[in-house]
Number of protein chains: 2
Amino acid sequence: MARNRATLADVARRAGLSKTAASMVLNGREGTRLSTEAHQRVFAAAEELGYRPNVAARSLRTRKTATIAFVSDIVATTRFAGGLIRGALDAARERDHVLLIAETQGDAAFEQYAIEAMLDRQVDGVIYAAMATRRLAVPPAILNGPVVLLNATSPENLPCVLPDDERAGRTVATALLEKGHRDRIALLGRNRLKEREPGVSLAAQARLQGIRDTLSAAGTTLLAEAFCSDWLPEHGYAAMRSLLGRSGRPSAVICMNDRLAFGAYQALGEAGLAVPTDISVVSFDDDPIATWLRPGLATAALPHEQMGRRAVEILLDGRTTEPTLVPMPLRRRRSIAAPAS
Amino acid sequence: MARNRATLADVARRAGLSKTAASMVLNGREGTRLSTEAHQRVFAAAEELGYRPNVAARSLRTRKTATIAFVSDIVATTRFAGGLIRGALDAARERDHVLLIAETQGDAAFEQYAIEAMLDRQVDGVIYAAMATRRLAVPPAILNGPVVLLNATSPENLPCVLPDDERAGRTVATALLEKGHRDRIALLGRNRLKEREPGVSLAAQARLQGIRDTLSAAGTTLLAEAFCSDWLPEHGYAAMRSLLGRSGRPSAVICMNDRLAFGAYQALGEAGLAVPTDISVVSFDDDPIATWLRPGLATAALPHEQMGRRAVEILLDGRTTEPTLVPMPLRRRRSIAAPAS
DNA sequence: TCACGTTGCTAAACTGATTTAGCAGAGCAT
DNA sequence: ATGCTCTGCTAAATCAGTTTAGCAACGTGA
């Protein structure tokens with residue numbers, strides 16, 4: 001790969017100047033007293049030779065590689081991850097950086113290996129990302145340099161980027177209140193483990209909090225709360241069936257994520273109930289299926305691209321110790337309407 | 001990042017030997033006549049200092065970085081992409097390599113930039129991936145070194161890795177024939193553009209071919225073929241409705257991908273038809289929704305991880321010019337059954 | 001006229017590894 | 001004693017850049 005590349009020495013020779021001069025000109029150094037003519041000759045030579053600096057050689061001296069490590073637990077390969085990487089990639093490109101990616105697969109040995117592999121390559125910083133928003137333990141090896149946690153927090157109080165789940169809870173509840181729902185709002189997807197263990201999830205607790213605060217500020221409470229052992233469609237399906245089995249059918253259901261909502265749609269369809277005329281549904285995440293469902297599912301979007309972008313910005317531009325909360329905008333789709341009765 | 005790292009010189013000093021000796025021992029060079037004792041001293045020193053070689057320095061000399069560029073059009077951020085990256089990452093790790101990733105976003109300027117950024121970092125090879133299986137033009141800059149196309153072919157006959165869509169077509173059709181379907185099999189998702197333009201898709205043509213060959217070998221043909229302007233759920237929904245509107249309802253439908261199948265499920269649900277008792281459905285891709293649908297959707301899986309893995313293997317281990325076709329295994333789920341009548 | 005500052009540039013050191021060429025000493029045969 | 005090979009090791013070059021230190025020529029004021 002990359003044979004026959006012109007070197008700085010080639011450029012200097014062609015320009016009839018020293019390597020020093022060529023280096024300074026090409027790096028746009030201020031305060032060198034090189035003549036305008038020297039500048040022109042160097043630029044011309046570089047152009048003619050198609051000169052591109054060798055990053056390895058440069059970084060050997062400068063200890064900067066313009067490379068960021070993006071290490072994730074298993075985020076890199078899930079449907080939710082795309083946006084994180086895309087946002088990070090975009091922001092990195094704007095700053096002339098590239099991304100080295102690695103996955104730990106939740107395995108300590110892999111993690112150790114991955115991090116060493118990145119550090120060996122002299123990355124300028126590390127973005128440590130989690131698939132589920134949660135609290136985690138950061139491997140000590142990366143604490144020597146700049147780190148930003150993405151979709152995670154840690155006991156060390158490192159700079160981190162998180163979705164604003166609590167506000168999303170408020171947004172979602174408010175959307176229902178605005179349509180006239182009040183005392184017949186049910187919640188689907190309570191889960192003790194996710195709510196109590198920050199190491200498992202931070203979203204569950206925050207979303208619940210936001211929802212409850214908003215309803216209680218409006219002088220009401222949840223009509224019913226269905227528990228789910230996980231947040232997959234099958235659990236949403238079962239939970240929705242159980243909600244429908246109780247007396248007092250809700251006018252609206254808040255699902256803790258879109259996959260649950262998908263399951264809920266299935267149960268509603270089987271029960272012959274129409275969304276949103278019989279029952280409104282609103283949710284969190286903005287998974288691609290949210291647009292595929294009929295009617296489209298209103299949902300508070302996880303701002304993955306924004307988050308990935310912010311992580312790079314914080315890493316390269318500015319240190320912030322307070323957590324950065326990225327808003328989760330509500331995607332208004334046809335699944336919410338005024339209650340029937 | 002990576003301050004205070006011990007260098008080879010530190011190791012050599014501590015072992016009381018020269019850098020040359022230390023380098024040779026640590027690289028396990030054969031034929032050096034260094035004593036067993038020298039070996040032990042070097043290993044001990046390296047261990048004690050936590051020595052890790054500086055890849056930039058090494059690659060400056062050896063022109064190998066143990067780094068692979070993974071450049072995609074927009075594959076890195078889609079739901080389908082995860083597996084490609086995961087497989088590549090896995091295979092790379094097994095060979096002590098890491099992945100630099102970049103996205104061209106289908107933009108020639110971005111592509112140029114991304115490729116130069118990778119080449120500047122002296123990558124050992126490039127994997128050039130496409131989101132949709134298709135034929136594409138490879139940017140000349142990467143032709144100087146090893147390249148493998150992933151999910152794509154090119155006029156230059158470069159080594160490439162593709163899913164075996166034609167065989168998948170046969171697999172899918174055979175699955176229906178085996179259940180007893182024969183003269184009432186419909187196809188949903190014909191699309192002239194995808195079938196005719198290799199630059200748009202290679203899958204459509206290949207899948208169609210496999211299906212037709214199999215049915216014709218069984219002495220039958222497709223009962224009906226519904227065209228779709230794209231392969232999204234809404235198109236599947238509309239196409240399924242139009243199929244049901246015709247006289248002679250099919251006993252089974254083959255959908256060109258899972259998103260179409262999802263739309264088809266929606267239309268069937270609305271029409272009060274049950275899968276698979278009234279109508280069997282089978283499809284391609286094995287998108288996550290295939291498991292979420294009720295009943296689960298039988299589908300020929302795009303072997304993303306395998307493909308990513310193979311791409312790295314071919315890049316690093318062996319040159320093959322013939323396209324590598326990776327089988328698409330049928331995920332048997334409850335959406336296919338014997339026809340009702 | 002000469003010290004001094006400015007201008008325009010360069011030689012050489014340096015980064016951390018690999019690799020080539022070769023040296024010193026021991027053992028052995030002649 | 002001399003020449004030879006073998007053993008065990010090292011000095012120095014090299015990769016492609018950046019950076020430090022400083023040189024030569026020229027103008028200027030005293």
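Sequence lines set the chain letters: A, B, ... in the order given, protein chains first and strands last, and positions in each chain run from 1.
Residue contacts for Ser23(B): at a heavy-atom cut-off of 4.0 Å it reaches a base atom on one of the strands shown. Residue contacts shown for Ala38(A) are limited to sugar-phosphate atoms, with no base heavy atom under 4.0 Å away.
The pair Asp124(A)-Arg95(A) does not count as a salt bridge, with every side-chain nitrogen at least 4.0 angstrom from each carboxylate oxygen. Salt-bridge annotation for Arg309(A) and Glu313(A): present, with a side-chain N of the basic residue lying under 4.0 Å from a carboxylate O of the acidic one.
The side chain of Thr7(A) lies closest to dG17(D), out of dT18(C), dT19(D), dG17(D). Taking the side chain of Leu60(B) as heavy atoms from C-beta on, and the options dT7(C), dT19(C), dC15(D), the nearest nucleotide is dC15(D). Between dT18(C), dT7(C), dG16(C), one nucleotide has an atom nearer to the side chain of Asn54(B) than all others, and that is dG16(C).
Rounded to whole angstrom, the span from the CG atom of Leu8(B) across to the C1' atom of dA12(D) amounts to 15 Å. Protein atom NZ of Lys64(B) is 23 Å distant from nucleotide atom P of dG16(C), rounded to whole Å. When rounded to the nearest whole Å, the span between CZ of Arg63(A) and P of dG17(D) equals 18 Å. Distance, Arg61(B) CZ to dA12(D) P: 16 Å, rounded to whole Å. Per the geometry, CG belonging to Asp10(B) stands 8 Å off P belonging to dA17(C), to the nearest Å. For the pair Leu17(A) CG and dC23(D) P, the computed distance is 20 Å after rounding to whole Å. Here the P atom of nucleotide dA21(C) and the CE atom of Met24(B) are 12 Å apart, to the nearest Å. Distance, Leu26(B) CG to dA17(C) C1': 11 Å, rounded to whole Å.
Panel note: side chain Thr65(B), backbone Gln122(B); a donor-acceptor pair is recorded below 3.5 Å. Put simply, the side chain of Ser59(B) gets close to the backbone of Val55(B): a donor and an acceptor are under 3.5 Å apart. Put simply, the side chain of Ser23(B) never gets that close to the backbone of Lys19(B): no donor and acceptor are under 3.5 Å apart.
Applying the 3.5 Å distance criterion, the base of dA11(C) shares no donor-acceptor pair with the side chain of Ser18(A). At a cut-off of 3.5 angstrom, counting only N and O atoms as typed in the model, there is no donor on one side facing an acceptor on the other between the side-chain of Arg58(A) and the base of dG17(D). Taking 3.5 Å as the limit, the base of dG17(D) and the side chain of Lys19(A) contain a donor-acceptor pair of atoms between them. Checked by distance alone, Thr20(A) brings a side-chain donor or acceptor within 3.5 Å of a matching partner on the base of dT19(D).
In this structure, Ser35(B) reaches the dC9(D) phosphate: one of its side-chain N or O atoms is under 4.0 Å from OP1 or OP2.
Two residues, Arg29(B) and Ala57(B), neighbour DNA chain C, and the one matched to the more 5' nucleotide by heavy-atom proximity is Ala57(B).
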